[in-house]
Q: 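Can you keep this structure in mind? I'll have questions shortly.
In what follows, chains carry the letters A, B, and so on, assigned in the order in which the sequence lines appear, proteins first and then strands, with residues in each chain numbered from 1.
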2 protein chains.
Amino acid sequence: MNDGAKNERVRLSAEDWEDGALALIAEQGVGAVAVEALARRLGVTKGSFYWHFRTREALLQAALERWEEYGEREVLAEIERIPDPRKRLPELFRRVAHEMQPHRVYAALLKALDHPQVIPVMSRVSQRRIDFLTRMYTEAGLEPVVALHRARLTYAAYVGFLQLNFTLGLPRISHDEFDAYVEHMIATLTPAKSND
Amino acid sequence: MNDGAKNERVRLSAEDWEDGALALIAEQGVGAVAVEALARRLGVTKGSFYWHFRTREALLQAALERWEEYGEREVLAEIERIPDPRKRLPELFRRVAHEMQPHRVYAALLKALDHPQVIPVMSRVSQRRIDFLTRMYTEAGLEPVVALHRARLTYAAYVGFLQLNFTLGLPRISHDEFDAYVEHMIATLTPAKSND
DNA sequence: ACCGTTACATACTCGGCCGTATGGTTGTCG
DNA sequence: CGACAACCATACGGCCGAGTATGTAACGGT
């Protein structure tokens, strides 16, 4: 079917531009998504771009929606397959902690919350994730109200961690120390095994 | 002495421009700090600006350093005067939770971490605050390593909260619910009173 | 009263980036 | 093999914001 070779002189599709935009966002932030720059990056010129998209805004919109679509999904589904509800959250934390790539886009979008286009996207994504955490905490035995607060706290810690660590480069934490930090998080934020 | 009337046609000083820049940052973000816009806001023109500063970058630099200088200071000092170490952190949390103004600049700067000038400033400020938290946790009875992790977690939660709540406007949390959230944070992150 | 310094106005240049216009090339299908 | 559509290049117009050049008004000291 559609062979997806992305190198050499093949004609581009709208999706190629969207992927390119997302790559640029991950590397240099939303502000770096300029038409001519992206065109050079893809080995073509503006003329091509304005055939696929009416405006730069349209590209950003499409790219963001594409990212929102293709986000999480697998991870959360796998977590829900774990039978013991109390083992889900620790597993989720460890899983999330050891993938770096998906976070780069999210972190870049956090830095770009002045651009009005990204706000609704980030709102929806964050809200869904907090809802998911709330469910997990509830099923792990917390009262509904407590679960909601704990979910917010957890997700805030996640967001803040992203900012502090690879946006700011706070003293390059070592790999072992990072693992210890994750375990500390689990111990602090996760309901203890013996509890009700 | 120096009458500080900021209205009407008085001559401006460099500090006035810096304060104006900080106000603009708090309201519309770092990107909104444009020379001509700021000049209009102050009732003058560019001509004035380029007398006080060599470049726009210089203004930003000065404004950021001014903010870094005039930051926290009183709050942290007051906290340290509380005799019982275990009562300090809860008090700090409640204090911080009920001031909104100082956070606006910090939140705006979080959204502006693509601008290379703000990164070192934010790094220093964040690092100092984490160090402070680490000391507080240690004095409250935590092991040094645990205290460091807990401090990072706490500060990450703070940063994340800012992003999620008045950068994104996640479902406008009510005042009462917010207080409950803060108490939940204290209960979760603060060493229990009976413990060692 | 004068004069230099401080503070500001006005009018320009210049570069970056968006968007448009138009013409050329590469496919593919009857 | 011609024709129509998909895809791209080149060239241009225009806005916006930074920075420069230069002239001018207020002030403070002597």
Side-chain angles (χ1 to χ4, degrees), chain A residues 1-25 27-64 108 112 114-118, chain B residues 1-25 27-64 108 112 114-118:
Chain A
M1 341 291 171
N2 201 338
D3 86 296
K6 59 183 64 170
N7 214 336
E8 294 303 326
R9 303 265 177 123
V10 279
R11 331 282 290 287
L12 299 178
S13 68
E15 283 80 19
D16 294 325
W17 286 93
E18 293 166 14
D19 289 343
L22 287 175
L24 252 181
I25 289 174
E27 293 168 18
Q28 312 180 41
V30 175
V33 180
V35 177
E36 298 171 75
L38 182 51
R40 275 192 300 275
R41 194 186 162 90
L42 295 177
V44 293
T45 65
K46 300 169 50 154
S48 167
F49 176 85
Y50 284 98
W51 192 90
H52 294 284
F53 296 92
R54 256 188 62 262
T55 164
R56 183 203 113 117
E57 254 192 315
L59 168 66
L60 262 176
Q61 196 61 38
L64 291 174
D114 29 2
H115 300 255
Q117 294 190 73
V118 319
Chain B
M1 340 234 165
N2 202 340
D3 87 300
K6 59 183 62 171
N7 213 338
E8 294 302 325
R9 304 264 177 124
V10 279
R11 333 282 288 288
L12 298 178
S13 68
E15 284 80 19
D16 294 324
W17 287 93
E18 293 165 13
D19 290 342
L22 286 174
L24 254 180
I25 289 175
E27 293 167 19
Q28 312 179 40
V30 174
V33 180
V35 177
E36 288 162 307
L38 182 51
R40 274 192 300 276
R41 194 186 162 90
L42 295 178
V44 294
T45 64
K46 301 168 52 151
S48 168
F49 176 84
Y50 284 99
W51 190 89
H52 295 284
F53 297 93
R54 256 188 62 261
T55 163
R56 183 203 114 115
E57 254 191 314
L59 168 67
L60 262 175
Q61 196 61 38
L64 291 175
D114 29 2
H115 301 254
Q117 294 190 73
V118 318

Q: Looking at NZ of B/Lys46 and CG of B/Leu38, how far apart are the two atoms once the value is rounded to the nearest 0.5 Å?
A: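 Answer rounded to 0.5 Å: 12.5 Å.
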Q: Output the rounded distance in Å from CH2 (A/Trp51) to P (D/dC8).
A: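 Between P of D/dC8 and CH2 of A/Trp51: 9 Å.
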Q: When you check every protein heavy atom under 4.0 Å of nucleotides 18-24 of chain C, what one-letter string (B, S, -) results, 5' to 3'?
A: BBB----
Q: Quickly work out the B/Leu59 CG to D/dG17 P distance and round it to whole Å.
A: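 Those two atoms, CG and P, are 16 Å apart.
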Q: Rounded to the Å, how far apart are A/Leu42 CG and D/dC7 C1'?
A: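 Those two atoms, CG and C1', are 14 Å apart.
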Q: Could you state the atom-to-atom distance from CG of B/Leu38 to P of D/dC16 in whole Å?
A: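 My rounded result for the distance is 19 Å.
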Q: Would you check if A/Ile25 and A/Leu60 make a side-chain contact, meaning some heavy-atom pair closer than 4.5 Å?
A: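 SC-SC contact between A/Ile25 and A/Leu60 confirmed.
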Q: So, does B/Arg56 use its side chain to make a donor-acceptor pair with the main chain of B/Val33 at under 3.5 Å?
A: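 Checked: pair present.
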Q: Just to confirm, is there a sub-4.0 Å distance from OP1 or OP2 of D/dA6 to any side-chain nitrogen or oxygen of A/His52?
A: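 So the side chain of A/His52 is outside the cut-off, no N or O lying under 4.0 Å from OP1 or OP2 of D/dA6.
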Q: Check this for me: does any side-chain nitrogen of one of A/Glu27 and A/Arg41 sit under 4.0 Å from a carboxylate oxygen of the other?
A: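 Looking at A/Glu27 and A/Arg41, the cut-off is met.
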Q: Could you tell me whether the side chain of B/Asp19 and the main chain of B/Asp16 form a donor-acceptor pair under 3.5 Å?
A: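 No; zero donor-acceptor contacts below 3.5 Å.
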Q: With A/Phe49, which residues qualify under ring-ring contact (aromatic ring centres under 6.0 Å, His included), at least two apart?
A: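 With neighbours one apart ignored, the set is A/Trp17, A/Phe53.
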Q: With nearest nucleotide decided by heavy atoms, which residue, B/Ser13 or A/Arg40, maps closer to the 5′ end of DNA chain C?
A: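 The residue mapped nearer the 5' terminus is B/Ser13.
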